[in-house]
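On a predicted model such as this, the values are computed, not experimentally measured, just so you know. All heavy atoms count here, side chains included; hydrogens, waters and symmetry mates do not.
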Amino acid sequence: MIDEKELADRLADAASAQDNLLPRALSDDLAAGRHRLRRHRLLTGTGVIGGAAAVAVLVVGMTSWLTPNASPLPADPPVAGLSQAVDVKAQDAAFNATMRNLLAKHFDPNRQHLTYESGPFEVNHQPGQREATGRAGWKIAGQRGEGELSVSVYGSGTGKDCGQYEGLKCHSVPMSIGGSAQIGRLGERVELKYQQPDGEIVYLSARPLFANNSASGVHGMGLTDAELMSFAADPQLNLPPMTAEEAAEEEALKAPVPDLREVVGELEAVLPGGTVDVHHIDEVNGNYVVALDWKKGPLAATIEFGVDAKLRASTCVDQLSVPECTTENLPDGKTVQYHEGARSYQEVPKYVMGATYTQPDGDLVSVRFLYPGKTLPAGAATKEQVLELVTDPVFDK
């Protein structure tokens, strides 16, 4: 019999092996090492990963490219103390009870239809990913099948879009408490999305078949627009309040993001005479990365520049996706991690120069140069220029 540790190790190895089965853009390798590390921690139980993060993408200059691994993954959250864990557990139980009462209040006041075999509404407390999700079954007397109501409340990011999963066409409906909700219908299916005045976002979908629980659906669920809107506007529909520690962590994720003009300007100042074109910018949950093409005559390099909030800061090895980094003590007292050498990315030889610098407030700045070939070309950036760029005070805000 395989014990739990051996099983976890095999699962982690299998997950890591998937990285080599799918094509990946060269610049995406910045996140690949971190991706494998997070998955290994998840599978072996040594870390926690939250729900999917919303990614805001700005495309500037050259043709954009994005792949599933384009954004750095979040770091593991700190472990809560015992008293906080107890408080959060009580909060979550109270929230689950509130959600069930609100669903009954607005859709099933006689409590004839709603069921909860799929478990409670669960709250994600990770900073930058505050949300609660849950599902309820919907049964109708005399029918063998079961429908489904899915509800999410988002405190961070934008959440699901109306029509994103059901393929519905949604339209705006004004709300009595301000703003507009998006509602879409197709047959028995319906979706709603609404941003409440306090900024939290409510998403609800109803479908006649609860596929996890039943092989057949129901007909005649009868949820009206008025009921959907009343539910979304209910003043009791709120995420549990953040603890002091959660509020501090949420604030810590708001590390100042450098202005794109500052990034380009500093590159041009440190590496004069070249031209810079921006591929893309990703910013998600305290991680910021911009990928650029730098050219000077026949010389070309891909440059990746990033700033990660303290809670999302990774190691130099994971951040740059390199086998090792060395510590460099600079004359001004700053300490950086540095890597240089030839590597192959998707069997394409590249020469890598990169560094990371932890700012006094704990935020991490990183820069990585990728040159084609196995040797550093003439006229390439020097080690001193790489270190000057990663420690530039303009990025310390």
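- A search for side chain to side chain donor-acceptor pair (under 3.5 Å) contacts involving D198 returns nothing, not counting sequence neighbours.
- With sequence neighbours left out, the salt bridge (Lys or Arg N to Asp or Glu O under 4.0 Å) criterion links R100 to no other residue.
- A300 is linked by a side-chain contact (heavy atoms from CB on, under 4.5 Å) to K295, counting only residues two or more places apart in sequence or in another chain.
- Between K193 and D161 there is a salt bridge, since at least one side-chain N of the basic residue sits less than 4.0 Å from a carboxylate O of the acidic one.
- Every pair tested for disulfide bond (SG atoms under 2.5 Å apart) that includes a residue from residues 192-241 fails, sequence neighbours excluded, so the list is empty.
- Put simply, the side chain of E268 never gets that close to the backbone of P272: no donor and acceptor are under 3.5 Å apart.
- Remark: H106 engages L102, S230, F231, D234 in a side-chain contact (heavy atoms from CB on, under 4.5 Å) (not counting sequence neighbours).
- By the salt bridge (Lys or Arg N to Asp or Glu O under 4.0 Å) test, E122 pairs with no residue at all, sequence neighbours left out.
- Heavy-atom minimum distance, P349 versus K374: CB-CG, 3.7 Å.
- Here disulfide bond (SG atoms under 2.5 Å apart) pairs that include residues 342-390, with residues two or more places apart or in two chains, number zero.
- If you look at Y194 and Y203, their ring centroids are not closer than 6.0 Å.
- Listed by first and then second residue, the disulfide bond (SG atoms under 2.5 Å apart) pairs that reach into residues 208-239 come to none, sequence neighbours excluded.
- Applying the ring pair (Phe, Tyr, Trp, His ring centres under 6.0 Å) criterion to Y338, with sequence neighbours excluded, gives no partner residue.
- Judged by distance alone, with hydrogens and angles left aside, the side-chain atoms of R368 form no donor-acceptor pair with the main-chain N or O of E304 at under 3.5 Å.
- Taking every heavy atom of both residues into account, A206 and L223 meet most closely at CB-CD2, 3.9 Å.
- Under 4.0 Å is where a charged nitrogen must lie from a carboxylate oxygen, and between R312 and D363 no such pair does.
- Considering only residues two or more places apart in sequence or on other chains, H339 meets the ring pair (Phe, Tyr, Trp, His ring centres under 6.0 Å) condition with none of them.
- Inspection of the Q236 and T98 side chains reveals no N or O donor paired with an N or O acceptor under 3.5 Å.
- The two atoms that bring P208 and R189 nearest to each other are CD-CG, 3.8 Å, heavy atoms only.
- Using a cut-off of 4.0 Å between Lys/Arg side-chain N and Asp/Glu carboxylate O, E328 and K383 are scored as salt-bridged.
- The salt bridge (Lys or Arg N to Asp or Glu O under 4.0 Å) check on E117 picks up K139, with sequence neighbours excluded.
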Would H125 and E246 count as a side chain to side chain donor-acceptor pair (under 3.5 Å) if you check the C-alpha gap in whole Å, the side-chain angles of each, and the deciding distance to 0.1 Å? CA-CA 7 Å; H125 293 271; E246 287 174 341; 2.8 Å; yes
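- Remark: the backbone N or O of L114 is paired with a side-chain donor or acceptor of D108 at under 3.5 angstrom.
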Full working for side chain to side chain donor-acceptor pair (under 3.5 Å) between Q337 and T327: CA-CA 5 Å; Q337 299 293 312; T327 300; 2.9 Å; yes
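- Counting only residues at least two apart or on different chains, the disulfide bond (SG atoms under 2.5 Å apart) pairs with a member in residues 292-332 are C316-C325.
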